[in-house]
Amino acid sequence: MESTANPNVVYYTERIQKELIDILDDLLFYHDYYNGDTVSRNLEILVSHIQISEEWKRILYLQLYWMAIFCLPDDADDLTVYQQFLRENKKRLLSKNSKLRDILISWSDIKPGLYRVIKSKDGRGKIFLFQDAVSMEIKQVCFYSKKISTPKIGELAAGVLIPFDEDTYITMNELICISDLPETGRDVLLLAQKYFAPGREEYSFFGFIHFIEATHMLCK
């Protein structure tokens, strides 16, 4: 059967995805150039004092590195690293097509969350449907990198999701995965309501740390 896919639409989507990946690379370089060493040292000290397993510490460090970019106000104007990056590159970035511009603007509101892994959408186990544990919103999450371990169906996954193309989200690192056991799942979801509910966005960075530490205690 002849394909009905519009090659122009496919090309347009792939081009936007490539541009977004390039912008994330530029953002990471910007962050590492101005703040990288200091942030790395501070995060290593911070994570070393958190009472969780070594595996969770490894993943938490990577998640917090990206949260330090998107979620933690960093200057006198109370802007995050990403918001500073966007302000300094406003002319270049926000002059792009409206779809790409809307995605970049949405990155200013990135916050960590907890998600239930509902199902896999492809045979390769790289595209999943997540349900937000607080809002109950369904999100399609794509794991583009082969280096990132993917969660299992039924698990709870905690971390940062980045809005991408075609109502899809990506994650730059592994998520902290929690088995939704009958004796702990309900308590973990109650913790998520406490730390990720609307109105607590200003606590997102340190709130996520407290959530992970409390969750680890429940799962022991």
Side-chain angles (χ1 to χ4, degrees), residues 13-14 16-32 36 39-40 43 47 52-53 55-72 80-82 85 100 103-122 124-180 188 192 195-196 201 204-205 207-209 211-212 215-216:
T13 299
E14 290 177 348
I16 287 180
Q17 291 175 352
K18 183 181 183 307
E19 285 194 71
L20 288 171
I21 291 296
D22 288 344
I23 291 169
L24 283 169
D25 285 343
D26 290 345
L27 171 61
L28 188 60
F29 177 82
Y30 174 90
H31 173 61
D32 288 349
V39 170
S40 294
L43 286 181
V47 171
I52 57 177
S53 69
E55 177 65 6
W56 276 28
K57 283 183 180 181
R58 179 185 67 80
I59 302 173
L60 178 61
Y61 172 86
L62 297 172
Q63 285 291 326
L64 291 179
Y65 200 86
W66 282 96
M67 286 184 208
I69 294 174
F70 286 113
C71 309
L72 191 64
T80 64
V81 171
Y82 173 67
F85 170 79
L100 187 61
I103 294 172
L104 294 177
I105 291 172
S106 77
W107 287 2
S108 292
D109 297 320
I110 288 175
K111 299 292 182 293
L114 178 71
Y115 308 92
R116 187 186 301 279
V117 184
I118 298 176
K119 68 176 183 179
S120 174
K121 283 198 66 179
D122 69 337
R124 297 178 296 117
K126 290 296 181 182
I127 303 176
F128 293 84
L129 288 185
F130 283 15
Q131 184 176 42
D132 190 297
V134 176
S135 70
M136 307 305 288
E137 178 186 356
I138 303 296
K139 298 182 177 182
Q140 179 170 282
V141 182
C142 182
F143 290 77
Y144 279 101
S145 174
K146 296 179 180 179
K147 298 178 181 179
I148 300 177
S149 297
T150 55
K152 298 175 182 177
I153 307 302
E155 285 186 324
L156 298 172
V160 166
L161 301 181
I162 300 175
F164 212 56
D165 188 34
E166 297 296 328
D167 299 320
T168 297
Y169 294 75
I170 63 169
T171 177
M172 300 304 292
N173 297 106
E174 291 177 60
L175 301 170
I176 294 179
C177 293
I178 307 148
S179 295
D180 187 11
V188 172
Y195 288 109
F196 304 135
E201 288 82 359
S204 60
F205 183 88
F208 185 77
I209 296 173
F211 167 78
I212 293 299
T215 297
H216 189 269

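All values derive from a computational prediction rather than experimental measurement.
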Inset, instruction - Hey, could you give me the NZ/CD1 distance between Lys119 and Ile127, rounded to the nearest 0.5 Å? - result: 12.0 Å
Legend entry - Any residue meeting side chain to side chain donor-acceptor pair (under 3.5 Å) with Thr168, in chain and number order, not counting sequence neighbours: Gln140
Legend entry - pair Leu156-Val117: side-chain heavy atoms closer than 4.5 Å: no
Inset, instruction - Look up atom CD in Gln63 and atom CG in Leu43, then write down how far apart they are to the nearest 0.5 Å. - result: 12.0 Å
Legend entry - Distance, nearest 0.5 Å, that separates CZ of Phe128 from OG of Ser120: 5.0 Å
Inset, instruction - I would like to know whether Gln131 and Tyr115 meet side-chain contact (heavy atoms from CB on, under 4.5 Å); could you show each step before the answer? - result: CA-CA 5 Å; Gln131 184 176 42; Tyr115 308 92; over 6 Å; no
Legend entry - Minimal non-hydrogen separation, Ser179 against Glu155, with atom names: OG-OE2, 4.2 Å
Inset, instruction - Run the salt-bridge test on Arg58 and Glu55 with the 4.0 Å N-O cut-off and return the result as yes or no. - result: yes
Inset, instruction - Work out which heavy atom in Ala68 is nearest to a heavy atom in Val81; give both atom names and the distance. - result: O-CG2, 3.8 Å
Legend entry - salt bridge (Lys or Arg N to Asp or Glu O under 4.0 Å) involving Asp22 - partner list, sequence neighbours excluded: Lys18
Legend entry - Note, Thr80 side chain near Ile69 side chain (heavy atom, < 4.5 Å): no
Legend entry - By salt bridge (Lys or Arg N to Asp or Glu O under 4.0 Å) - contacts of Glu19 (at least two apart): Arg15, Lys96
Legend entry - Nearest non-hydrogen partners of Ala157 and Phe130, listed with the distance: CB-CE2, 4.2 Å
Inset, instruction - Measure from the ring center of Phe208 to the ring center of Tyr195 and say whether it is less than 6.0 Å. - result: no
Inset, instruction - Please name the residue in the list Leu175, Ile176, Asn173 that meets the side-chain contact (heavy atoms from CB on, under 4.5 Å) test with Leu62. - result: Asn173
Inset, instruction - First locate atom CD of Gln17, then atom SG of Cys142, and finally report the distance between them rounded to the nearest 0.5 Å. - result: 7.5 Å
Inset, instruction - Looking only at non-hydrogen atoms, find the nearest pair between Ile212 and Ala158 and report the distance. - result: CD1-CB, 4.1 Å
Inset, instruction - Check the pair His216 / Ser53 against side-chain contact (heavy atoms from CB on, under 4.5 Å), numbers first and verdict last. - result: CA-CA 8 Å; His216 189 269; Ser53 69; 3.6 Å; yes
Legend entry - Side-chain heavy-atom pair Phe29, Asp26 within 4.5 angstrom cut-off: no
Inset, instruction - Verify side-chain contact (heavy atoms from CB on, under 4.5 Å) between Leu24 and Leu28, making sure each step is shown before the conclusion. - result: CA-CA 6 Å; Leu24 283 169; Leu28 188 60; over 6 Å; no
Inset, instruction - Taking all heavy atoms of Val160 and all of Thr171, pick out the closest pair and write down the distance. - result: O-OG1, 3.5 Å
Legend entry - Contacts of Ser40 that satisfy side chain to side chain donor-acceptor pair (under 3.5 Å) - sequence neighbours left out: Tyr61
Inset, instruction - Carefully, step by step, assess Ile52 and Leu60 under the rule side-chain contact (heavy atoms from CB on, under 4.5 Å). - result: CA-CA 10 Å; Ile52 57 177; Leu60 178 61; 3.8 Å; yes
Inset, instruction - List for me each residue that meets side-chain contact (heavy atoms from CB on, under 4.5 Å) alongside Lys126, sequence neighbours excluded, and say none if there are none. - result: Asp122, Arg124, Phe143, Thr150
Inset, instruction - First locate atom CG of Leu20, then atom CD1 of Ile170, and finally report the distance between them rounded to the nearest 0.5 Å. - result: 7.5 Å
Inset, instruction - Please round to the nearest 0.5 Å and tell me the distance separating atom CG of Asp132 and atom CG of Leu161. - result: 8.5 Å
Inset, instruction - Not counting sequence neighbours, list each pair that qualifies as a ring pair (Phe, Tyr, Trp, His ring centres under 6.0 Å) and has a residue in residues 156-177. - result: Tyr144-Phe164
Inset, instruction - Using modelled atom types only, decide if a donor and an acceptor are shared between the side chain of Ser106 and the backbone of Ile103 within a distance under 3.5 Å. - result: yes
Legend entry - Side chain to side chain, Ile178 and Leu114, heavy atoms closer than 4.5 Å: yes
Legend entry - Option from Phe85, Tyr82, Tyr65 for which side-chain contact (heavy atoms from CB on, under 4.5 Å) with His31 holds: Tyr65
Inset, instruction - Determine the minimum heavy-atom distance between Glu174 and Ile59, stating which atoms define it. - result: O-CG2, 3.3 Å
Inset, instruction - Measure up the Phe70 and Trp66 rings against each other and bin them: parallel (under 30°), tilted (30 to 60°), perpendicular (over 60°). - result: parallel
Inset, instruction - Side-chain contact test, heavy atoms from C-beta onward, threshold under 4.5 Å: evaluate it for Ile118 versus Ile153 and give yes or no. - result: no
